[in-house]
Amino acid sequence: MQRHFFNIDDLNFSDFEKLCSQSVCQEDYPFSSSVQKKVVLYDGAKIRSVIGTTRALELKTELHHCLKEGPGLLVIHQAFPNIKAIDRATEVFQEIITEEKNYAEHHGDHFAEPGENERLWNSLQKLCERDTEAFVSYYDNPVLCFVSEAWLGPFFQMTSQVNIVKPGGQAQEPHRDYHLGFQENSLVSEFPMSSQILSQFLTLQGAVAHTDMDITSGPTMLLPFSQKYSLGYFAWRDSNYIEYFKDHAIQLPLKKGDAMFLSPALFHAAGNNSKSTDRIANLLQVSSAFGKATESVDRTKMTKLIYPILLEKKKNNLLRPDEPRTVGASVVDGYPFPTNLDLDPPKEGSTPENMQALMERALSEEWPVDRFNECLNEATMRRLP
C-alpha cells in the first residue's frame, strides 16, 4: 500500500539538490521580458496590455506554470505604476506605525527582536479606514487581480502586512510560509502528503516594493525550484538544507512599484539590510476562497468605505467597467460560503448572491449609499448562524 504520511526521517537531500539545480529557459515563458538568476521577469505594461484580450488565458497559464512547475517565483516590473499611490500609502503606513508605537506594546515580528524592525499588521484594512481614496488608488490594480487569479482563481481574499527593515536589520533564516510553514514538524507529520501539497495552492505570497531595493538593502533571498520538494515542510529547519540555501539562494534588486510573487512553499528569507535607509515593502498574502486567511478583516466595513467613492466615479462617468471588480477583489468577500442557508438560500443556481455581485448590482443601478449599506448589512446578517 502506498504511503501517505511522512516525517523528517524521510528527507532525501539528493532529491532536493536535483530539483534546485534545474535551469530556466526564457523560451518557455513567451510573455516574459527576461530571465535573471532563474527568476522570470515580466513588464507590467505588457501584462496590462494582455488583460481582457483573447491571450489572457495563455498568460494566466504561463504565470501559473512559472509558480508551480517553474522556478516558483516571478517579478513584475512596474506592477504598481501609480507611484503617487505608493508614496501616499507609505505615508499612511508610517503614520499608523508611529501611532501604534505610542499607545500599544510592540506588535512583534515573525523573525526580528521587538523594536528592531517595524511591522504593521492588517495594513489592508488600516489603509482603507485611514484614507479610502488612497486605498482605492492603490488596489485599483488589474495586474494584482490577474496574478492572484492565475494562482488561486476567483473570489480570493486579500490580506497585507507592511514590513520595514531598518539598517542593520538581521536576515531571516530560510523558511516556507503559511499554512504548514507556521507549524512544528510534529504537527506537519499528522497531515497526509496530499494535504501538504494542497496547502501550497491555497496562498499566494507577494511583496510590493515601496522603496528602491538594491542588493545592499537586503531584498528577499530566494531558492528557485525549492517549492517542488514534497517534503519541504520538514526540510526547511534541517541544517543541510539551511546550508544549501545559504550557498545557492539568489537576490534581485527591485524598484519602487515592482512586485514579486512566489509560491508559499518556496524556500525564502528576508536579507540583511546594510544600507543607510529603511527597506519598506507591503507584503501581500492572498488566500484562496477555499482556504483560511491569516488575518481577520472586516470586509463589510471596508466595502461600505469604498462604495461611495466608486459610486461618485460612476455618476461622473469616470468608473472603468472593470474597476468595481478590480478594487472589489481586494476588499469584498466574493465567495458566498460559509452562510446560513436557512436565511440565505440560493436564488439562482446553487449559490446565494455574493457581496461582490451585490456591490456591482448596486453600482449599476446607482443605489444611494444608505440603501446599499442597509442591503449589505442585511446580507451580512443572513450569513450568520
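Across all their heavy atoms, Leu310 and Pro324 have their closest contact at CD1-CA, 4.4 Å. Summarising the geometry of Val143 relative to Gly44, their closest heavy-atom pair is CG2-O, 4.2 Å, with the distance given to 0.1 Å. The minimum heavy-atom distance linking Ser23 with Phe225 is given by the pair O-CZ, 3.7 Å. Nearest heavy-atom pair across Met193 and Leu231 is CE-CD2, 3.3 Å. Across all their heavy atoms, Ala270 and Gln172 have their closest contact at N-OE1, 2.6 Å. Residue Gly52 comes nearest to Ala56 through the heavy atom pair N-CB, 4.1 Å, listed as atom of the first residue, atom of the second, then distance.
Side chain to side chain, His77 and Asp43 fail the donor-acceptor criterion of an N or O pair below 3.5 Å. Between the side chains of Ser123 and Ser160, at least one donor N or O sits under 3.5 Å from an acceptor N or O. A donor-acceptor pair shorter than 3.5 Å cannot be found between the side chains of Glu295 and Gln125.
The ring pair (Phe, Tyr, Trp, His ring centres under 6.0 Å) contacts involving residues 259-317 comprise Phe16-Phe267, His175-His268, Phe290-Tyr335, Tyr307-Phe372, where partners must be two or more places apart or lie in separate chains. Residue pairs meeting the ring pair (Phe, Tyr, Trp, His ring centres under 6.0 Å) criterion with at least one member in residues 23-58, sequence neighbours excluded: Tyr29-His65. Evaluation of the salt bridge (charged side-chain N to carboxylate O under 4.0 Å, His left out) test over residues 143-152, restricted to residues two or more places apart or in two chains, returns Lys60-Glu149, Glu149-Arg325. Screening residues 9-26 for salt bridge (charged side-chain N to carboxylate O under 4.0 Å, His left out), with sequence neighbours left out, gives Arg3-Asp10. Sorted by first then second residue, the salt bridge (charged side-chain N to carboxylate O under 4.0 Å, His left out) pairs that include residues 371-382, not counting sequence neighbours, are Asp344-Arg382.
Judged purely by atom type and a 3.5 angstrom limit, Lys37 uses its side chain to pair as donor or acceptor with the backbone of Gln251. Asp258 places a side-chain N or O within donor-acceptor distance of the main-chain N or O of Gln78, the cut-off being under 3.5 Å. Proximity of a side-chain donor or acceptor of Asn240 to a complementary backbone N or O of Glu243 within less than 3.5 Å is not detected. Under the 3.5 Å distance criterion, the side-chain polar atoms of Ser49 are matched with a main-chain donor or acceptor of Lys46. Judged purely by atom type and a 3.5 angstrom limit, Asp333 has no side-chain atom pairing as donor or acceptor with the backbone of Phe337. A donor-acceptor contact shorter than 3.5 Å links the side chain of Arg299 to the backbone of Val331. In this structure, the side chain of Arg279 engages the main chain of Gly218 through a donor-acceptor pair within 3.5 Å. Looking at Thr216, its side chain never comes within 3.5 Å of a backbone N or O of Ser274 through a donor-acceptor pair. Of the possible polar contacts, none joining the Glu173 side chain to the Ala269 backbone as a donor-acceptor pair under 3.5 Å is found. With hydrogens and angles disregarded, no donor-acceptor distance shorter than 3.5 Å links the side chain of Arg383 to the backbone of Thr339.
Looking only at side-chain heavy atoms (C-beta outward), Val327 and Cys145 stay at 4.5 Å or farther from each other. No side-chain heavy atom of Tyr138 sits less than 4.5 Å from a side-chain heavy atom of Leu144. Proximity of Pro219 to Leu252: side-chain heavy atoms (C-beta onward) are nowhere separated by under 4.5 Å. A heavy-atom distance below 4.5 Å is not found between the side chains of Phe182 and Leu187. Side-chain contact between Asn185 and Asn7 is absent, with no heavy atoms from C-beta onward closer than 4.5 Å. Between Asn82 and Ser137, the closest side-chain pair of non-hydrogen atoms falls below 4.5 Å. Residues His4 and Ser194 are not in side-chain contact: their nearest non-hydrogen atoms beyond the backbone lie 4.5 Å or more apart. In this structure, the side chains of Phe6 and Gln196 stay at 4.5 Å or more apart for every pair of heavy atoms.
With a 6.0 Å radius and a threshold of 12 heavy atoms from other residues, nucleotides or ligands, Glu27 has its CD atom at or below the threshold.
In this structure Phe201 satisfies the ring-ring contact (aromatic ring centres under 6.0 Å, His included) test together with Trp151, sequence neighbours excluded. The side-chain hydrogen bond (donor to acceptor under 3.5 Å, both in side chains) search around Asp140 returns Arg320, not counting sequence neighbours. Every residue meeting the side-chain hydrogen bond (donor to acceptor under 3.5 Å, both in side chains) condition with Lys313, not counting sequence neighbours, appears here in chain and number order: Glu323. In this structure, the ring-ring contact (aromatic ring centres under 6.0 Å, His included) partners of His248, at least two apart in sequence or on a different chain, are Tyr244. In this view, Thr132 satisfies the side-chain hydrogen bond (donor to acceptor under 3.5 Å, both in side chains) rule with no residue, not counting sequence neighbours. Partners of Thr211 by side-chain hydrogen bond (donor to acceptor under 3.5 Å, both in side chains), not counting sequence neighbours: none found.
Residues near Ile242 contribute nothing to a hydrophobic cluster around it, because no ILVMFWY side-chain heavy atom sits closer than 4.5 Å to its side chain.
For the atom pair Leu262 CG and Asp177 CG, the distance stands at 7.5 Å (nearest 0.5 Å). Here CG of Leu120 is found 5.0 Å from CD1 of Ile97. Values are rounded to the nearest 0.5 Å. The NZ atom of Lys304 lies 6.0 Å from the CG atom of Leu376; values are rounded to the nearest 0.5 Å. Distance check: Leu305 CG to Glu129 CD gives 6.5 Å after rounding to the nearest 0.5 Å. Asn282 contributes atom CG, which lies 10.5 Å from atom CD1 of Ile164 (distance to the nearest 0.5 angstrom). From Thr303, atom OG1 reaches atom NZ of Lys301 across 12.0 Å, with rounding to the nearest 0.5 Å.
For His210 and Phe80, the ring centers sit 6.0 Å or farther from each other.
Between Lys314 and Glu366 a salt bridge is recorded (basic side-chain N to carboxylate O distance below 4.0 Å). Using a 4.0 Å cut-off between a side-chain N of Lys or Arg and a carboxylate O of Asp or Glu, Arg88 and Glu91 qualify as a salt bridge. With respect to Glu100 and Lys126, a salt bridge is recorded, a charged nitrogen being found less than 4.0 Å from a carboxylate O.
When Phe191, Tyr233, Tyr178 are each tested for a side chain to side chain contact (heavy atoms under 4.5 Å, CB included) with Ser199, only one passes: Tyr233. When each of Trp236, Phe13, Phe234 is checked for a ring pair (Phe, Tyr, Trp, His ring centres under 6.0 Å) with Tyr241, only Phe13 meets the rule.
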Next item on the list: Could you go through the side chain to side chain contact (heavy atoms under 4.5 Å, CB included) check for Leu180 and Gln183 one step at a time?
Entry: CA-CA 5 Å; Leu180 290 176; Gln183 309 298 339; 4.1 Å; yes

Margin query: side chain to side chain donor-acceptor pair (under 3.5 Å), that's the test. Do Thr294 and Gln285 meet it? Break it down for me.
Written below: CA-CA 8 Å; Thr294 52; Gln285 191 168 68; 2.6 Å; yes

